[in-house]
Amino acid sequence: QVQLVESGGGLVQAGDSLRLSCAASGRSFSRYVMAWFRQAPGKEREFVASITWSGGSTYYTDSVKGRFTISRDDAKNTVYLQMNNLLPEDTAVYYCAADSRYCAGSGCYTRSYDYRIWGQGTQVTVSS
């Protein structure tokens, strides 16, 4: 089973960019679907983006489409979230998640219960 460690968060201004990284320890990283979720104060954790095996498919929540890009480097056991044109409403703790199970049907890989492995989170704060 992999363990996940996020990095790259910080305090930025609206319109700036950040790149989050999630490094996975353990074997068989390429077998895992990887995702980013976020949780703002007082709100539920929400899906941000996910990427399937070998980057075959990517999914995004509507509010980040065109601004965020998820990618993975299986040789480095790392998944990234490139965040451009950040907005104050992007402020949250960002969590990396992983799971190796296959999922079929609507909504797959976009729900928190699709993922059994989670990182500790990294804070992203966007000032206006």
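Only heavy atoms go into these numbers, but all of them, side chains included; no hydrogens, no water, no symmetry mates. Count residues from 1 along the sequence.
No side-chain donor-acceptor contact under 3.5 Å links Tyr59 to the backbone of Tyr109. Thr52 places a side-chain N or O within 3.5 Å of a backbone atom of Ser57 that can act as its donor or acceptor partner. In this structure a side-chain-to-backbone donor-acceptor pair under 3.5 Å is missing from Ser100 to Arg31. Side-chain atoms of Glu6 do not come within 3.5 Å of backbone N or O of Thr122 as any donor-acceptor pair.
In terms of the ring pair (Phe, Tyr, Trp, His ring centres under 6.0 Å) criterion, Tyr60 has no residue partners (sequence neighbours excluded). With sequence neighbours excluded, the residues that form a side chain to side chain donor-acceptor pair (under 3.5 Å) with Glu46 are Arg38. Partners of Lys76 under the side chain to side chain donor-acceptor pair (under 3.5 Å) rule, at least two apart in sequence or in another chain, do not exist in this structure.
Tyr80 and Ile117 fall into different hydrophobic clusters, where Ile, Leu, Val, Met, Phe, Trp and Tyr are joined by side-chain heavy atoms under 4.5 Å apart, directly or via other members. When the side chains of ILVMFWY residues are joined at heavy-atom separations under 4.5 Å, either directly or via intervening members, Tyr32 and Tyr115 end up in two distinct hydrophobic clusters. No chain of hydrophobic side-chain contacts below 4.5 Å, direct or via other Ile, Leu, Val, Met, Phe, Trp or Tyr residues, connects Tyr95 to Val2. Residue Val33 is not grouped with residue Ile70 when hydrophobic side chains (ILVMFWY) are merged at heavy-atom distances under 4.5 angstrom, including chains of intermediate members.
The two residues Ala14 and Ser128 make their nearest non-hydrogen contact at CB-CA, 4.4 Å.
Considering CG of Leu81 and CD1 of Ile51, their distance stands at 10.5 Å, rounded to 0.5 Å. Taken from CZ in Phe29 to CG in Leu4, the straight-line distance is 8.0 Å, to the nearest 0.5 Å. Rounding to the nearest 0.5 Å places CG of Asp99 at 10.0 Å from CE of Met34. For the atom pair OG of Ser30 and CG of Asp73, the computed distance is 11.5 Å after rounding to the nearest 0.5 Å. Within the model, atoms SG of Cys96 and CD of Gln3 stand 12.5 Å from one another, a figure rounded to the nearest 0.5 Å. Considering CZ of Arg72 and OG1 of Thr58, their distance stands at 12.0 Å, rounded to 0.5 Å.
Partner of Arg67 under the salt bridge (Lys or Arg N to Asp or Glu O under 4.0 Å) criterion, out of Asp16, Asp62, Asp90: Asp90 alone.
Side-chain contact of Gln123 with Thr125: a donor-acceptor pair under 3.5 Å is present, judged by distance alone.
The side-chain heavy atoms of Leu18 and Leu86, taken from C-beta on, include a pair separated by under 4.5 Å. Proximity of Ser63 to Glu89: side-chain heavy atoms (C-beta onward) are nowhere separated by under 4.5 Å. Under the 4.5 Å side-chain criterion, counting only non-hydrogen atoms from C-beta, Gln13 is not in contact with Val126.
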request  = Begin from the C-alpha positions of Ser17 and Asn84 and carry the test side chain to side chain donor-acceptor pair (under 3.5 Å) through to its verdict.
outcome  = CA-CA 4 Å; Ser17 297; Asn84 298 328; 2.9 Å; yes
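Figure legend: Arg45 and Trp118 shown as a cation-pi pair, the cationic atom lying under 6.0 angstrom from the six-membered ring centre and within 45 degrees of its axis.
A distance below 6.0 Å separates the ring centres of Phe47 and Phe37.
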